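So the structure is just underneath, and the comments pick up after that.
Quick note on labels: first sequence line is chain A, next is B, and so on, each numbered from 1. Owing to the predicted nature of the structure, the values given are computational and were not obtained by experimental measurement.
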Amino acid sequence: MAEMNLVQAINDALRTEMRRDERRVILGEDIARFGGVFRATAGLFEEFGEGRVIDTPLAEGGIVGTAVGMAMNGLRPVAEIQFADFLYPAFDQIVNELSKLRWRSGGQYGAPVVIRAPSGGGIKGGLYHSQSPEAYFIHTPGLKVVMPSNPADAKGLLLSAMRGDDPVLFFEPKRIYRAARGEVPEGDHVIPLGEAKRVLPETAGEAVATVIAWGAMVHEAVEAAGLLADKGLPVEVIDPRTLWPLDIETIVESIRRTGRGVVVHEAPRTCGFGAEVVALIQERAFSYLAAPLARVTGLDTPFPYALELEYLPLAPRIVRAVEAVVGYPV
Amino acid sequence: MKTGEENVPRSAARGRRPPPRPEAGETLARIFRDAIRGEILDARLARWAREGFVGFHLPAAEWGGVLAAAACALEPADWLFPGAREARMALWRGMDLASFLAQHLGAALPDGTFLPGLPGSIADAAHRVASVAGGPGAHLPHAVGAAFAAARRKERAAVLAIASGAAADTADFHVAANFAGVWRAPVVLVLRAELEEAEALCIDERGGEYGIGAARASGGDLPAVRRLIDEALARARAGGGPTLVQIDRPQEPRAALDRLAARLGDALAGEAAVRAQAESWCDEAWQAARAAVRPGRESLAWNVYAAGERAVAGQVAELAQVCNPIPEDV
């Protein structure tokens, strides 16, 4: 085990997989000699060379489009998009091409492409460097969507994403790229996609509510849980880790015990993935609910540079939401 | 700008031009035969669309000779990335017509492959024919990526992508040409220029901007079309990089075939015999396609993901409870 931050764990996963699989290539803007805008690919060019660590022109549609062709012809590309906000120029290639290739070709061609993209706010990045677009891609059949919250999960999930045969949008919460540190297993450390993790408590207890959060918001949920515990309101915190396919069973199992749920995400509220999580819970656990499910989210506004901490669903808002569902009149 | 073989691509001037291969009568006869087959198939598909058997049909009658000539330049190890109107080129690569028509009817191919996208959205991995993409130029970046993969493995293979001239207006074309130029990918990007856009495409200038070779031929001279593409592919296979090719729509497609027939002379058994064979070819394939299996509702979940996905399977299973009728025939 080695202690790493999240960006180092990403780098470790890429290096581990590139050593294991000659077909693995990575491509993106400034990812080779420069090592990536967040240094996630630092040192890979020096070890694997320009045939496998590829600087591209500044064109996200080209990065994804050529990655699709590489995958069709036997390579296993990982494309880095500098910021998740820059996925939009590649939207057609992701949503109409990458995601549908296996289906429309009757399984003759797969597109095992992993797209890595730093997402979320909290770094003073402003409206074009802070967005959380996961819902667009969860809404697209054929894609898998992942967002880790800590270094060990980041490595394990990225290795799993790279070794699978489906296209994966891998969102990296850049606010905690360096703030999140932890022990990371060396070498092969694979966490299957589609398995949620109960972050708090380690064993199921007498919690009064379940908080479901992903990415950087897991840390806010944990902070909120500490504040709530001090008030005598213990909660369970669940990190789905893989947003699609979603491990709804783990979430529902918790909700059936606590009877109350709060979903937290940075993306705007309306049609955010939280709405889907709420729908799935009520379909499966309606009779167990003691209060309406709540959402604590970003606002239905563009992401602000000014007042970004007001926009983000930080711990105080989560505490307030849990108190509201706990206090709901039965 | 000059047209035809006198227009030497820039990359050819770099001294990597292979010696021209003689056009055997057999090659020209094949172009003639496939052009006639394409013409008859076009008429049949238009009729079947009018009669309701096929959802819709994108005709390419005036381009039949050009598509046949372009396909004729490909070697077995090469790849073909066609657009929707060029999908028939898969037949000239070896795809079975009964499979091609079964796909148009929404049926499974004889080998069980099911291509449920839209009529004519074929793929044929066995013959290295890519899946037909969505937008007019969406497949062009894929072709560049596939070419990059072939070059990385040091394969002696090239990629031919063909699209309408309208595709040149798209971002996909721009990124494809840009990436091809930067990577010196072994790809030939062919644009079919309609009469009104032939001069506006300015293929030579575009090639210059992207730093890749450019060439242009008249679709009225089918041997020249084949020769031009053959040379571009040979250059790509030999490591000479990409070429941008413009083929102008033949002003009189029939005259182009007449010139070819005249050149073939006795080597051609006669157009009447070619047409009769083509009609039989269509008849037999149509009967086989009509008998092809139409997969049931469970097929809606096929190939969305590589290994299935619970939510998709569950949604399809819900259909069984309402029993929407599946027509036995169209």
Rounded to the nearest 0.5 Å, how far does [atom2] of [Y] lie from [atom1] of [X]?
X       : Y       : atom1 : atom2 : answer
S105(A) : I122(B) : OG    : CD1   : 10.5 Å
D247(A) : R310(B) : CG    : CZ    : 6.5 Å
L27(A)  : W183(B) : CG    : CH2   : 5.5 Å
F148(B) : T66(A)  : CZ    : OG1   : 8.5 Å
K100(A) : S131(B) : NZ    : OG    : 11.5 Å
N303(B) : Y109(A) : CG    : OH    : 14.0 Å

Original post:
Out of N96(A), V68(A), V64(A), which one racks up the most heavy-atom pairs below 4.5 Å with chain B?
Top reply: V68(A)
Quick check: does any side chain N or O of [X] sit under 3.5 Å from a backbone N or O of [Y], one acting as donor and the other as acceptor?
X       : Y       : answer
D166(A) : A306(B) : yes
Y305(B) : L143(A) : yes
E97(A)  : A133(B) : no
Q93(A)  : A138(B) : yes
R104(A) : V132(B) : yes

For residues [X] and [Y], report the shortest heavy-atom separation together with the two atoms involved.
X       : Y       : result
T113(B) : Q108(A) : CG2-NE2, 3.8 Å
A150(B) : N73(A)  : N-ND2, 3.5 Å
V175(B) : G61(A)  : CG2-C, 4.3 Å
W79(B)  : M72(A)  : CH2-O, 3.7 Å

Where on [X] is there a heavy atom nearer than 4.5 Å to chain A: the side chain, the backbone, both, or neither?
X       : result
A130(B) : both
A176(B) : neither
V304(B) : both

Should we say atom [atom1] of [X] is surrounded by more than 12 heavy atoms from elsewhere, each under 6.0 Å from it?
X       : atom1 : value
Y288(A) : OH    : no
Y136(A) : OH    : no
E283(A) : CD    : yes
Y128(A) : OH    : no

Using non-hydrogen atoms only, which part of [X] is less than 4.5 Å away from chain B: side chain, backbone, both, or neither?
X       : value
D55(A)  : backbone
L246(A) : backbone
A59(A)  : both

Original post:
Among L118(B), L109(B), L140(B), V129(B), which has the most heavy-atom pairs under 4.5 Å with chain A?
Top reply: V129(B)
**OP:** Under 4.5 Å, counting heavy-atom pairs only, tell me which of A146(B), A108(B), A147(B), G117(B) racks up the most with chain A.
**Re:** A146(B)
Original post:
Mind checking which of residues 152-161 of chain B sit less than 4.5 Å from chain A, heavy atom to heavy atom?
Top reply: R152(B), R153(B)
**OP:** Check whether any side-chain heavy atom of D172(B) lies under 4.5 Å from a side-chain heavy atom of D92(A), and answer yes or no.
**Re:**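 Yes, close enough: below the 4.5 Å cut-off.
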